[in-house]
Undergrad: 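Have a look at this one.
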2 protein chains.
Amino acid sequence: MGNNLKAIAEELNLSISTVSRALNNTGRVSEETRRMVMDSARKHNYTPNRVAQSLRKKRTNMVGLIVPDIGDYFSQVIKGTESELSANGYSMILADSHEDPIKEANYIKLMYQSQVDALILATVSDDFRWTKIYQDSRIPVIFFDNEPDSLQCNKVVLNNIKATEIAVDHLVRLGHKDIALICGNVKESTAKFRRDGFVEAMKKHNLEVNSNLIKEGLYYLDAGYSSMEELILNKNENPFSAVIVSTYMLSCSAIHAIRDYGLSYPKDFSFIGFDIEDSDRLFSPSITSVLQPGKQIGKLMVHRLLQSIESYDSLSSDEEFSVSFVNPVIKIGESTALFKKENN
Amino acid sequence: MGNNLKAIAEELNLSISTVSRALNNTGRVSEETRRMVMDSARKHNYTPNRVAQSLRKKRTNMVGLIVPDIGDYFSQVIKGTESELSANGYSMILADSHEDPIKEANYIKLMYQSQVDALILATVSDDFRWTKIYQDSRIPVIFFDNEPDSLQCNKVVLNNIKATEIAVDHLVRLGHKDIALICGNVKESTAKFRRDGFVEAMKKHNLEVNSNLIKEGLYYLDAGYSSMEELILNKNENPFSAVIVSTYMLSCSAIHAIRDYGLSYPKDFSFIGFDIEDSDRLFSPSITSVLQPGKQIGKLMVHRLLQSIESYDSLSSDEEFSVSFVNPVIKIGESTALFKKENN
DNA sequence: CGTGCGAGATCCATAAATACA
DNA sequence: ATGTATTTATGGATCTCGCAC
């Protein structure tokens, strides 16, 4: 005895279609048979087979999410994505590319085969030929985190300019003037925007931008460490009272450098990290940090995708690609303090 | 032009089944038609529709994972689960119950409807009536983290006895004798085992167990804080040179208490936390901690499940439920130091 | 003419049985 | 008897069409 429509139909001597209509409240069914069907369904512990539904409806109610690494910041995005999806009747297939473009490509294909209704992707690749296939199948795709600037696509990205701007603002409020920046390789757009935000904010406050205080960690493996090291070693010639770091990895290694040189924040200088969440407040001193609102990013992406799915269904208007910006927030900790003369 | 078997079959004037056999290397197909089919498939960008495959094969190659909270320790389990699943050709549907038994129940039902081939669950509920439905459908289920002791089931759990034992061992090696323990409510089996492990380890080392130094954080909202507080305030009457905390949440709040009382480890006493990973080594001083090997737990669970799936397929032996224990590890940090007289 | 219901097609792929050389 | 291909049934649900009363 299978618990499918057929089982119920046979028990009640009805046709499968009638049972289906009774359960879905679609089409015409008499009140009496409806009740009988309902009862039998309860008895059989019937639940619709989603696989069969998906095949028929050409809709799986599943969305794929591919991230380079489950954990840290991405956990937040995953969490936000999942809860927003589930609130709208969708499930999430999660995949971890381990920062490997080949694995990522396999997952992209797998998600396609799995007939996901939409795909969310933090890519580590620069090959976007596959997007055509998704376009042809009208499966909306949205990018986040690493924005493929070579590609016309939907994306939700951090307002990178603001990310460093709010950090500068905070430091200026505290009286700092000589502010250093450690950013990534500015050939990547994210790093570039964050540097630009820093420069613009400095200008806005009528502060001089000392290019010796801007460290564009290039291709070093541990760019944050060496950048911080350079700043510390040249502090006499190029004094600074505060440092802003513009990515999480750079923040970690910069902190290691500070520690190795026997320095500490905010005593020797103020420090602003990036994406250092510390939600359980275990750090001491706590670290002032710019944060990407991961959950919000997840929610926003799902929102956009569901809109796309709907609009694809009704009129097939070749809509424009949407780029949404999310504002960073700054979490004030103890690593930043009022400017004191001794800092410089 | 759909990219399905039918499209290829029509193009080549073959039947759908022939095309299927050619692509799957099953049954007999002439070398010539095989090549033609392959070529056409490439041209059409054909990939099998997994939904249709699933319906036919009664196997989705998807496994459900439900956790109470995406993040922290669970991220590790999720990561381990995902990579082991994907290495075996399975995908993962991830759900976050937000510690809500009702949401959890809905997800359990949803996973069932989605026809997952197996279910992994860190439950927050004590209602296990649904397991019968899974049993009837021969869908293997495995529990972790919170073990339902009222239920005969598959589970992978931490060797909780060892978790506190290795902490005691470490402290004894450092010369500590008066060791305090903050554990959860011992009415829950996890907390009880961890307390037992502590007591046994103390006895093993011929150390006296001072019951005043064992704080079973009961139903307080912030049990870790108040337990630590009590230990500190009564340090004169009940001296100790080291503290072990047996859950992550308790560790966090215990640390807050230590900080609030102006104390620090390892100066005032040694401290061993629980599940304080700090993989990027940002803590200073770094914290010695017992860790649950989350990734390993994930991998192990998948391993067990795939075995079950296989065995269900071949002989339907009503196999016993398997309970697997995973050994905790201890990460040595700077919060534990050699015993000094001043400690007591 | 409308209400209740059933037959059959469809979604797409797989697999067993059968037909044709 | 042997290799190749087609027919047909199957999985479970949905949906259009049309038949009766």
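Order of the sequence lines sets the chain letters (A, B, ...), proteins ahead of strands, with each chain counted from 1.
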Undergrad: Any pair with a residue in residues 99-130 of chain A that passes ring pair (Phe, Tyr, Trp, His ring centres under 6.0 Å), sequence neighbours left out, goes on the list, sorted by first then second residue, please.
TA: A:Y112-A:Y134, A:F128-A:F143, A:W130-A:Y134
Undergrad: Once salt bridge (charged side-chain N to carboxylate O under 4.0 Å, His left out) is applied, what residue pairs with a partner in residues 93-105 of chain A remain, sequence neighbours excluded?
TA: A:D96-B:K79
Undergrad: Does the side chain of B:V77 reach to within under 4.5 Å of the side chain of B:V67, using non-hydrogen atoms?
TA: no
Undergrad: Is A:Y46 close enough to D:dG12 that one of its side-chain N or O atoms is under 4.0 Å from OP1 or OP2 there?
TA: no
Undergrad: How long is the line joining CZ of A:R35 and P of C:dG4, in whole Å?
TA: 13 Å
Undergrad: Whole Å only: how far is the CG atom of A:L5 from the P atom of C:dG6?
TA: 13 Å
Undergrad: Specify the separation, in whole Å, of atom CZ of A:R59 and atom P of D:dT14.
TA: 14 Å
Undergrad: By the salt bridge (charged side-chain N to carboxylate O under 4.0 Å, His left out) test, which pairs, at least two apart or in different chains, include something from residues 292-306 of chain B?
TA: B:E84-B:K299
Undergrad: So among B:N154, B:L121, B:T123, B:I297, which one has a side chain to side chain contact (heavy atoms under 4.5 Å, CB included) with B:F144?
TA: B:I297
Undergrad: Protein within reach of the bases, or only the backbone? For nucleotides 3-11 of chain D, mark each nucleotide 5' to 3' as B, S or -, using heavy atoms under 4.0 Å.
TA: -BBBB-BBB
Undergrad: Hey, can you pull the residues of residues 105-112 of chain A with a non-hydrogen atom under 4.0 angstrom from DNA chain D?
TA: none
Undergrad: Just the rounded figure in Å: distance from P of C:dC11 to CG of B:N3.
TA: 14 Å
Undergrad: Specify the closest pair of heavy atoms between A:P68 and A:V124, including all atoms of both residues, with the distance to one decimal.
TA: CB-CG1, 3.7 Å
Undergrad: Rounded to the nearest Å, what distance is computed from the CZ atom of residue A:R50 to the C1' atom of nucleotide C:dC12?
TA: 19 Å
Undergrad: In whole angstrom, give the distance that lies between atom CG of A:N24 and atom P of D:dG12.
TA: 17 Å
Undergrad: Could you check whether any side-chain heavy atom of A:R50 comes within less than 4.5 Å of a side-chain heavy atom of A:Q53, counting everything from C-beta outward?
TA: yes
Undergrad: Got B:L23 and B:L5 here, is their nearest side-chain heavy-atom distance under 4.5 Å?
TA: yes
Undergrad: In whole angstroms, how far is the P atom of D:dC15 from the NZ atom of A:K57?
TA: 7 Å
Undergrad: Among residues two or more places apart or on two chains, list those pairs meeting salt bridge (charged side-chain N to carboxylate O under 4.0 Å, His left out) that have a residue in residues 8-18 of chain A.
TA: A:E11-A:K43
